[in-house]
Structures are given as structure tokens and as C-alpha cells.
Amino acid sequence: MRAVDLIHKKRDGGELTASELTYIIDGYCEGDIPDYQMSAWAMAVLFRGMTAAETAALTLAMANSGDQVDLAPIEGIKVDKHSTGGVGDKTTLIIAPLVAAAGVPVAKMSGRGLGHTGGTVDKLEAIEGFQTELSRERFINQVNELGLSVIGQSGNLAPADKKLYALRDVTATVESIPLIASSVMSKKIAAGADAIVLDVKTGSGAFMKTLEQSEQLAQAMVDIGTQVGRNTAAIISDMDQPLGFAIGNALEVKEAIETLQGKGPDDLTELCLTLGAHMTVLGGKAETVEEAKALLREKLDSGAALDKFRQFVAAQGGDGAVADDTGRLPSAPLHIEVKAEQAGYVQAIHAEQLGTAAMLLGAGRATKEAEIDYAVGIVMRKKVGDPVSEGETLAVLHARESGEAANDVAAKVRSAYAISAETPSVRPLLLSIVTADGVSRNSESE
Ligand code: URA
């Protein structure tokens with residue numbers, strides 16, 4: 001086999017076999033296929049696309065390129081959840097204890113964040129003492145005894161994806177649905193779960209800007225999961241504005257705890273119940289999504305999910321008392337109000353811009369080595385559809401310092417809000433559900 005022949009075949013619209021795709025991935029990992037040939041191949045895939053069988057074979061080849069986590073010593077059906085990423089996304093902090101309280105084991109590896117705020121692991125580390133590096137034995141025992149553990153990603157998961165993603169990033173080949181789908185799913189499959197629920201975001205703050213593109217990506221990922229024997233479902237949710245009100249690590253932990261206390265924002269609560277319900281069905285603890293939602297609602301209302309969170313934090317060395325007193329979380333010395341310069345209704349909030357503003361305050365990393373300030377961030381007071389009067393507070397910066405830098409961030413936050421006189425139409429949060437049977441679109445989103 002020669003790489004040039006396989007590039008040729010894809011360029012001309014042919015379908016590559018599983019052994020040809022394995023040859024390409026293994027050859028690239030081992031250095032036998034150089035970057036220039038791999039870039040030509042990725043560009044051919046971008047233009048020609050891939051069949052479902054090719055996409056599944058590519059995913060398996062990438063998943064097999066490194067370590068495979070063995071979750072077999074954990075009893076029950078292990079269901080993982082993955083979000084394609086958005087601003088203010090703290091769903092894992094809520095869903096993990098919620099579904100664990102319903103009996104679904106959660107054995108989750110999460111990443112650190114690069115960008116707006118930290119990842120789930122950074123957010124958990126905002127809790128005093130919380131350990132995200134556990135031995136494999138302790139991780140497995142904790143899931144068997146308590147029903148959940150969340151640790152930092154360790155080992156060498158899907159190194160082929162890491163190398164290929166870095167190449168795609170600099171060769172304008174990121175925006176290919178089969179390449180994105182196989183990239184995400186190779187890491188999920190290597191992480192060992194039996195079933196996967198995907199939280200696919202769509203809108204200005206998301207990777208996929210339109211609902212149609214998001215549905216295609218979701219279907220491609222669900223088809224991969226189905227082909228490799230992992231039951232997979234995807235929920236497409238709106239990311240035209242940040243989720244909840246808080247952006248920033250400790251601020252997001254506080255909002256997650258309030259949600260577990262039953263006092264969270266409606267959008268965040270609704271999304272967590274929906275994603276959690278699909279996990280509960282795939283985990284075999286309910287027959288239907290409606291039944292699962294009722295079960296999870298009961299776990300929230302009874303305090304069982306909050307209890308699970310308290311025990312989980314304590315089991316990983318953290319201060320479990322934060323579950324009852326969020327005042328124990330790190331907090332920033334300055335609260336700077338960003339005020340509206342005109343009256344009207346909030347038409348849109350540029351989620352990515354607010355995310356960048358939070359990063360500039362210190363909530364996220366601009367480079368891999370940068371330190372995160374857990375305390376800082378932004379709390380929105382207004383969301384899309386809300387009326388605003390002139391001089392009213394749109395959002396509050398939780399900052400370490402005042403001065404020119406803080407003023408620049410305040411201006412960025414103000415300009416992220418589009419305000420005008422018309423009453424806006426607000427699209428629903430939950431837009432589509434994608435399963436192996438196809439896409440089911442929320443009729444209110446059309
Ligand atoms: N996220 C991933 O993990 N891979 C992609 O290709 C794009 C986004």
C-alpha cells in the first residue's frame with residue numbers, strides 16, 4: 001500500500017477500506033507518512049466526505065492508536081457524557097452526581113480547559129483540597145462504592161487524533177464533519193464507556209453555528225457509536241447565549257451547587273435533566289426519557305443529588321461543606337457592574353465574546369502553561385429576551401483588579417450585548433434529539 005494511492009482514491013471520491021484507513025493512521029503516528037501527505041489526505045476528505053463505514057473505521061483506528069481505558073471492573077452500564085463545548089457550560093458538575101444518585105455509575109475523565117474558562121477538572125479544583133489525580137485502583141473503587149468519580153485525563157488516549165488535530169488546525173481542515181466526529185468519538189471510545197450521551201451545542205458561542213450543521217455532526221457521531229457497539233444519543237442545545245448566568249470556575253461551581261439545591265437557572269436545570277435522563281435510559285435505570293426525567297427530578301427535590309455531590313467532593317479530598325455553604329469557595333475582591341447604555345430588549349448575547357472577557361479577567365488559559373484564577377469571572381444579570389432600562393446592570397465582573405484592563409473587559413462585555421427596541425423571538429434551549437433512528441427536531445425551533 002502507498003499513501004499517495006490512498007490520497008488519490010479519496011481525491012477522486014472513492015471509499016477507503018478499514019485496512020487502508022488503519023494504514024494511514026498507523027503510518028502517520030509512526031512517522032512513515034509525512035505531514036504533507038496527511039494534509040493532502042485531510043483536504044481530500046474535507047471535499048469528498050466519508051461514508052458512515054469509513055468514518056467508523058477511521059474512529060476505531062484512532063482509538064486503537066494509544067491506551068484503552070478498561071472500565072470492566074466497574075459494575076453496571078457505564079455511560080459517559082461529552083459536550084462539544086460552550087461558554088458557561090458546567091453541566092458535568094450537576095449531571096454526574098444527579099445520575100449517580102439514580103444508580104448510573106459515572107467513571108469520568110475530563111480535560112483541563114484552554115480558552116474561556118477552565119475545563120471540568122479546573123472547576124472542581126476550585127474547591128479547596130479537591131484531588132483530580134487518583135490512582136486507577138482508587139478511581140475504580142470510588143465508582144463501585146459511591147457511584148461516581150471524575151479525574152483528570154491521564155495516559156495516552158487516541159494520540160493519532162492529537163497529532164492529526166494539530167495538523168488540521170494549521171491546514172484549514174478542521175471543518176469536516178467526518179473528521180470532527182471521528183476525533184471526538186475516538187477519545188470517547190478509548191475512555192471505555194459502554195454508552196455515550198453527546199451534548200452538541202449550536203449557535204454563535206458554539207463550534208457549529210447552524211442547526212443543520214449541528215444535526216449532521218450529531219448524526220455522524222451517533223452513527224459511529226452505533227457501528228462500534230456503543231449506544232449513543234445526542235441532544236442539540238442552543239449556544240446563542242451562555243448557559244446559566246455564571247462564567248468562571250468558582251462562580252460556575254457555585255451555580256452548579258445552587259442547581260443541585262433546586263435553585264438553579266431554568267435553562268441549566270432543563271438541559272441537565274434532559275441529558276441526565278438520556279444517560280439514565282442508556283444506563284438501564286429507566287424505560288423512557290419521561291420516566292427518567294421524573295426519577296431525576298425526585299433526586300433533585302429530595303436532596304439525594306446534592307448529598308451525592310457532597311460525598312463525591314469529600315471522597316476526592318475536597319471540602320464537602322461547600323455543598324451547603326458556597327461562601328467557602330474562592331471569591332474575587334472586586335465586583336464591577338457593567339451597565340446598559342440604552343434601553344430596550346436584549347436581542348442577542350455574543351457568547352464567545354463573553355467567554356473571551358472572562359479569560360481576560362484570568363478565568364481561562366490563553367496558553368497551556370498559564371495559571372487560572374479560580375475566583376474571577378462574569379455573572380450575567382440579563383439574558384436574551386429580558387427588558388433593560390438605560391443604566392441598568394447587564395452583568396457583573398468578579399475581578400482581581402480595577403483600572404484600564406478591567407475597563408477594557410467591561411467594554412467587551414457591554415458590546416457582547418445587542419439591545420434594541422423590538423421584542424426578540426427567543427428560540428428554545430433544546431432543539432433536536434438525534435439517535436440511531438434519525439433526527440427529531442423540536443417543532444418550536446422551526
Ligand atoms: N473537538 C475535537 O475534539 N475534535 C475536533 O475535530 C473538533 C473539535
Side-chain angles (χ1 to χ4, degrees), residues 21 24-25 28-29 35 38-39 41-47 49-50 54-67 69 80-87 89 91-92 108-121 152-153 155-193 196-210 213-225 228 230 232 234-237 239 351-352 355 364-365 368:
L21 287 160
I24 291 176
I25 292 302
Y28 186 51
C29 276
D35 279 349
M38 204 60 186
S39 338
W41 172 80
M43 191 59 87
V45 171
L46 184 132
F47 281 113
M50 276 187 155
E54 279 179 301
T55 313
L58 172 63
T59 308
L60 278 183
M62 293 204 292
N64 291 337
S65 67
D67 299 339
V69 180
D80 202 352
K81 170 213 151 248
H82 177 79
S83 160
T84 59
V87 181
D89 188 350
T91 52
T92 297
K108 189 154 177 60
M109 286 191 178
S110 273
R112 293 189 185 278
L114 188 64
H116 310 136
T117 60
T120 299
V121 159
Q153 222 150 59
N156 191 21
L157 292 192
D161 169 63
K162 204 170 179 181
K163 194 168 174 194
L164 179 56
Y165 192 46
L167 183 75
R168 287 165 54 212
D169 210 18
V170 293
T171 55
T173 48
V174 170
E175 294 86 353
S176 151
I177 285 185
L179 293 181
I180 300 172
S182 55
S183 164
V184 170
M185 291 299 284
S186 64
K187 290 171 280 203
K188 288 286 113 182
I189 288 163
I196 302 158
V197 172
L198 300 160
D199 178 13
V200 178
K201 312 287 191 190
T202 192
S204 67
F207 202 65
M208 290 283 150
K209 307 290 180 203
T210 70
Q213 283 175 332
S214 308
E215 286 172 345
Q216 284 169 21
L217 175 63
Q219 190 72 66
M221 293 194 287
V222 168
D223 289 348
I224 294 170
V228 304
R230 317 278 171 116
T232 305
I235 310 301
I236 302 188
S237 65
M239 192 32 82
E352 222 162 55
R365 295 184 181 86
K368 257 200 279 191

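Ligands are counted one by one from 1 in listed order, and the atoms in each one are counted from 1 as well. FYI, side chains are in, hydrogens and waters are out, and symmetry mates aren't considered; it's all heavy atoms of this structure.
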Checking Ser83 now: which residues fulfil side-chain hydrogen bond (donor to acceptor under 3.5 Å, both in side chains) with it, not counting sequence neighbours?
Asp89

With Gln219 via side-chain hydrogen bond (donor to acceptor under 3.5 Å, both in side chains) - residues at least two apart
Asp223

Examine the side chains of Lys188 and Thr232 and answer whether a donor and an acceptor come within less than 3.5 Å of each other.
no

With no hydrogens and no angle check, just 3.5 Å: does a side-chain donor-acceptor pair link Thr202 and Ser214?
yes

Got a sec, which residues hit salt bridge (charged side-chain N to carboxylate O under 4.0 Å, His left out) with Lys162, two or more places apart in sequence or on another chain?
none

So which residues, sorted by chain and number, lie with a heavy atom under 4.0 Å of ligand 1?
Tyr165, Arg168, Ile180, Ser183, Val184, Lys187, Phe207

Are Ile180 and Thr84 close enough that some pair of their side-chain heavy atoms sits under 4.5 Å apart?
no

